[in-house]
Amino acid sequence: MKTTIQPVKGMRDFYPEQMAFRNWLYGAIRKVSESFGYQEYEGPILEKIDLYAAKSGEELVKEQAFVFPDRGGDLITLRPELTPTLARLVAQRQNELAIPLRWWSFGPFFRYERPQKGRAREFFQWNIDLIGAGSTGADAELIAVCAVFLQKIGLTHEQVGVFVNDRRLMDSQLAAIGIQREMKQTAFRLIDRRDKMPAAEWEEYALASGLNGEQLGLLKEMLGDRALWQKSEHLVQIFAILEAIGVREYVSFDPQVIRGLDYYTGTVFEARDRAKEGRAILGGGRYDNLVEDVGGAPLPSTGFAMGDMMIAVILEKYGVLPDLVSLPAEVMVSVFDEESMVDAFALSTLVRSEGISVLCYPEAAKLSKQLKYADRIGIRLVLICGPDEKTAGMVTVKNLTNGTQQTFTRGSLGAALRKMLA
RNA sequence: GUGGCUGUAGCUCAAUGGCAGAGCACUUGACUGUGGAUCAAGGGGUUGUGGGUUCAAGCCCCAUCAGCCACCCCA
C-alpha cells in the first residue's frame with residue numbers, strides 16, 4: 001500500500017455522500033428552528049481556555065478538550081461546546097440586544113476522547129437557545145422544538161422520546177428524605193448512574209456514598225414514582241403546553257434524568273431511543289446563571305444541543321435515513337473529438353443559461369466511455385454533437401433513463417431539455 | 001485513561017509456518033458515433049509500521065500506529 005498521510009485521529013472526512021447527509025440535517029434543523037422564530041448565529045471555532053474554566057468544569061476541559069498554546073503562549077481550545085461562547089456573545093452586547101433572544105447554530109465541535117459508535121473527536125452540533133426568559137413556557141417551547149424536530153425527520157413517538165425532569169423537584173424531594181446540600185451532588189450522580197449498573201451493585205454504591213438504608217429505600221421509591229411530576233407545578237404546566245402544541249406523546253417524565261453538566265439549574269431533558277439503547281440523542285435544560293458567570297447581567301436561559309452522529313445512528317436503526325443521491329448535474333455535454341471541445345463548452349454555456357445544471361466532459365474520449373461515465377454519476381441526459389449534427393446545425397439528446405434519443409436545433413434545445421427534465 | 005477484536009489489491013474478504021489469491025471495481029478489446037447486460041484479456045501488493053523467532057513469517061512473539069466495539073465521561 002502506498003503510504004498516504006493518515007488523518008488526525010477522530011477527525012472526519014465528508015465525501016459527497018456524507019456531505020449530502022450533513023446538509024440534509026442542516027436543512028431540517030434550519031427549517032424547524034426558523035419555524036419557531038429562531039435566528040442563526042455562529043461563534044469562533046477557537047476560544048481561550050478561560051471561557052470554559054469558568055463553568056463547564058475545569059477537569060472536563062483539561063482532560064477532554066483539544067488545548068494547545070498559540071505562538072504567543074496563550075492556551076487555545078478547540079471549542080468543545082457552544083453554550084459558553086453563546087453566553088459570551090450575549091454578555092458582550094447585552095444592552096443592544098432585544099431580549100429575549102431566540103438563537104440557533106450548527107457547526108463543528110471537538111472533544112479529545114476515544115472514538116466509538118456515535119462518537120468521534122470531531123462532530124457537528126445543533127445548538128438552540130432561548131435567552132432571557134425564565135418562564136415555564138420557555139422551557140416547554142424548547143422541548144417542543146426538540147419533539148417537532150424528531151417528528152419532522154421521520155422518527156415516531158414510539159421510537160424515540162424526550163425525557164424530562166426538573167432539578168428543583170429533585171432538590172426538594174431529596175431534602176424531604178434528608179439529603180442536604182453537600183450530599184446533593186453525590187445523590188445526583190447516583191441517580192444518573194442507576195441504569196448503568198446492576199441493581200445490587202448500585203445499592204452497594206449508594207450506601208458507600210453515604211446514604212443510610214432508610215434513605216436508599218425512599219430514594220428507590222421516589223425514582224419509581226412515574227407520577228412524581230404532578231408534585232411540580234412547573235412540570236404540570238410544561239406538559240399542558242406540550243399538549244397544546246401537539247407533541248405531548250413524544251415527551252415523558254423521567255426522574256432519573258439529571259444531566260451531567262454543572263450549570264443546569266432547573267428543567268433538564270434529553271431525547272433518546274425508547275428502547276433505551278445507546279446514549280442520549282440530545283440534551284439540554286435551563287441554565288439561569290451562565291451569562292452572569294461570564295461577565296454579563298443575570299439572564300435566565302434555556303436550550304439544548306444535538307450532535308450529528310447519534311441522530312444518524314438512530315435514523316439508520318429505524319430505517320428512516322433519507323435517500324440522498326447527489327447528482328452533480330442534470331445534463332452532460334459529450335466531447336466528440338479534439339476539434340469540437342471548444343464548441344462543447346459553448347453548448348454547455350447555452351444549456352446553463354437555461355437554468356439547467358450541466359457539466360462538460362473534460363476531454364475528447366470514446367463516446368462509450370463518456371456515456372458510461374454519465375451513467376455512473378447519474379446524469380439523465382447527454383448531449384452529442386458530432387460531425388453529422390454539426391453539419392445539420394443540430395444537437396442530439398440521449399436520454400439515459402430510457403435509452404431514446406432525439407435531435408433538436410440549438411434554438412429549441414433549452415425548451416426541449418426543460419421538458420424532458422420536468 | 002482501561003479493556004477486547006481487527007489491520008492482506010481501490011473496496012469486501014480468502015490463504016495448515018512452505019509459489020500472496022478470489023469477487024467486485026478499474027483499463028483495454030469484442031462494438032472506429034452510443035451507457036447499464038455478457039464474454040475475453042490486462043494492470044494493480046514492501047500483507048499498517050518497526051523489531052524478533054525460524055531453513056522459511058500474511059500466519060508465531062514483542063513494540064508501535066490506526067480502525068471498530070465496550071468502559072470512563074458526556075458539553
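Proteins get letters first, then strands, A, B, ... in listed order; numbering begins at 1 in each. FYI, side chains are in, hydrogens and waters are out, and symmetry mates aren't considered; it's all heavy atoms of this structure.
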Do any side-chain atoms of residues 355-366 of chain A form donor-acceptor pairs under 3.5 angstrom with protein atoms, and if so which ones, sequence neighbours left out?
unit_1	atom_1	unit_2	atom_2	d
A/Ser357	OG	A/Glu330	N	3.0
A/Ser357	OG	A/Glu330	OE1	3.3

OP1 or OP2 of B/rA70 under 4.0 Å from side-chain N/O of A/Gln116: yes
Residues which pass ring-ring contact (aromatic ring centres under 6.0 Å, His included) with A/Phe304, listed by chain and number, not counting sequence neighbours: A/Trp126, A/Phe269
Qualifying side chain to side chain donor-acceptor pair (under 3.5 Å) pairs, either residue in residues 405-422 of chain A, two or more places apart: A/Asp343-A/Arg410, A/Glu354-A/Arg418, A/Thr409-A/Ser412
Set of residues satisfying ring-ring contact (aromatic ring centres under 6.0 Å, His included) with respect to A/His234, sequence neighbours excluded: none
Scan nucleotides 64-66 of chain B against the protein and return all N/O pairs shorter than 3.5 Å with their distances rounded to 0.1 Å.
unit_1	atom_1	unit_2	atom_2	d
B/rC65	O2'	A/Gln6	OE1	3.4

Please enumerate all protein N or O atoms sitting under 3.5 Å from an N or O of nucleotides 27-31 of chain B, with distances to 0.1 Å.
unit_1	atom_1	unit_2	atom_2	d
B/rG29	OP2	A/Lys366	NZ	3.1

A/Gln18: side chain to side chain contact (heavy atoms under 4.5 Å, CB included) partners, not counting sequence neighbours: A/Phe14, A/Tyr15
Per-nucleotide pairing state of RNA chain B [Watson-Crick or G-U, under 3.5 Å; [ ] pseudoknot-crossing; | other strand]: (((((((..((((....[..)))).(((((.......))))).....(((((..]....))))))))))))....
Six-ring centre of A/Tyr112, A/Arg121 cation under 6.0 angstrom, axis tolerance 45°: yes
Any A/Arg259 side-chain N or O less than 4.0 Å from OP1/OP2 of B/rC74: no
Pairs meeting criterion ring pair (Phe, Tyr, Trp, His ring centres under 6.0 Å) with involvement of residues 27-47 of chain A, two or more places apart: A/Tyr41-A/Trp103
Contact under 4.0 Å: A/Arg193 side-chain N or O vs B/rC73 OP1/OP2: yes
Qualifying residues under ring-ring contact (aromatic ring centres under 6.0 Å, His included), relative to A/Phe68, sequence neighbours excluded: none
Side chain to side chain contact (heavy atoms under 4.5 Å, CB included) against A/Pro300, all qualifying residues, sequence neighbours excluded: A/Arg286, A/Asp288
Show which side-chain atoms of residues 200-208 of chain A pair as donor or acceptor with protein atoms under 3.5 Å away, not counting sequence neighbours.
unit_1	atom_1	unit_2	atom_2	d
A/Trp202	NE1	A/Leu190	O	2.9
A/Glu203	OE2	A/Lys220	NZ	2.6
A/Tyr205	OH	A/Arg193	NH1	3.3

Nearest-angstrom distance, C1' atom, B/rG17 to B/rG52: 16 Å
